[in-house]
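Along the sequence shown, the residues carry numbers beginning at 1.
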Amino acid sequence: DKMKHLNAATGMVLMCTLVNLPFLPAWGATVEQWACGDTRESHGESRREVKEQHEFAPATFTLAGLTLNKSLITDAEARFGPSTYANTLPHTLEPRVLGECYKSEKWPGDPTVVTFITSELTGFNELTGFQLESDSSPEAAKCVTSSAVRSDLATGNGLRLGLSQTDMQKLLGPGSPGADGIRRWHYLGKIPVDAAEAKRTGNTYLDKYSGVNARFRNSKADCISVFLTESY
């Protein structure tokens with residue numbers, strides 16, 4: 001498991017990238033593309049939020065039979081369709097986060113778009129996030145058309161586009177408000193490792209960072225982003 005062999009410094013790079021902290025400003029725009037447009041105001045705000053929120057049900061991190069930190073980007077491609085240059089972002093030589101997007105066969109009549117995320121910390125192999133979005137923009141037209149993308153596509157615990165904020169709070173808890181209709185549910189915890197792993201690495205636990213971002217338009221979720229990573 002590559003994630004369990006990361007050191008603390010590398011793990012912090014991913015955390016900073018995920019939450020768009022100020023000391024990684026160059027990656028802000030990239031992260032916002034798959035975090036429902038969310039931006040972070042301060043490192044302190046992020047740390048306060050994760051301390052106040054409860055751990056999510058495991059089903060939060062499953063979508064169409066794929067599970068974050070277990071399934072691979074190639075598993076997503078096998079289920080949703082092959083990747084193309086047009087549907088892959090960002091287009092850089094050394095991306096820290098890589099996404100592949102798929103749109104409904106009925107797009108733009110059904111504007112549902114799914115983006116799967118992996119990162120350099122997993123060798124661009126394991127899925128670390130996914131996003132459901134209602135998107136009829138010219139950028140969404142570049143996504144691969146897939147019969148697996150439908151308007152009722154939902155996570156294992158029932159997160160889907162069109163839910164109200166009240167609906168999502170019933171599933172995830174209160175959350176924290178952000179700007180421009182964003183609400184965040186982020187969690188930071190620790191996972192004990194077995195004695196053999198602790199002896200080998202010198203670490204007694206893994207850091208677990210996970211969360212959901214949602215954007216609400218006309219009182220309904222038009223974007224839901226889910227992420228999960230475990231590292232030393």
Within the distance-only criterion (no hydrogens, no angle test), does the side chain of [X] pair as donor or acceptor with the backbone N or O of [Y] below 3.5 angstrom?
X	Y	answer
Y102	V149	no
N218	K220	no
T62	T67	no
Q131	A35	yes
N213	C36	no
S146	F80	yes
R183	P174	yes
W107	V113	no

Classify the ring geometry between F56 and F61 as parallel (under 30°), tilted (30 to 60°) or perpendicular (over 60°).
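Geometry flag for F61 against F56: perpendicular rings.
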
- request: Could you check whether the rings of F227 and H186 sit parallel, tilted or perpendicular, using 30° and 60° as the cut-offs?
  value: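 Answer is perpendicular, since the angle exceeds 60°.
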
Decide whether [X] and [Y] are clustered together by the hydrophobic rule: side chain heavy atoms of Ile, Leu, Val, Met, Phe, Trp, Tyr closer than 4.5 Å, transitively.
X	Y	result
V114	L72	no
V212	L161	yes
L163	I182	no

Quick one: [atom1] on [X] to [atom2] on [Y], what's the gap to the nearest 0.5 Å?
X	Y	atom1	atom2	answer
I73	L127	CD1	CG	5.0 Å
I224	T60	CD1	OG1	11.0 Å
L153	R160	CG	CZ	11.0 Å
C101	E139	SG	CD	8.5 Å
L132	R150	CG	CZ	11.0 Å
T115	L98	OG1	CG	11.0 Å

Check your understanding: Does the side chain of V226 reach to within under 4.5 Å of the side chain of L63, using non-hydrogen atoms?
Key ->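 A side-chain contact is absent here, since even the closest heavy-atom pair is not under 4.5 Å.
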
I want to check something: taking the side chain as every heavy atom from C-beta on, are S219 and S164 in contact at a cut-off of under 4.5 Å?
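The answer is no; the side chains never approach within 4.5 Å.
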
Locate the shortest heavy-atom distance separating [X] from [Y]; write the atom from each residue and the value.
X	Y	answer
L228	S210	CD1-CB, 3.6 Å
E77	S83	OE2-CB, 3.4 Å
E105	T145	CA-CG2, 3.6 Å
P82	V144	O-CG2, 3.4 Å
M168	A221	SD-CB, 4.1 Å

- Is it the case that more than 12 heavy atoms not belonging to D180 sit under 6.0 Å from its CG atom?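 At most 12 heavy atoms, drawn from other residues, nucleotides or ligands, come within 6.0 Å of this atom.
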
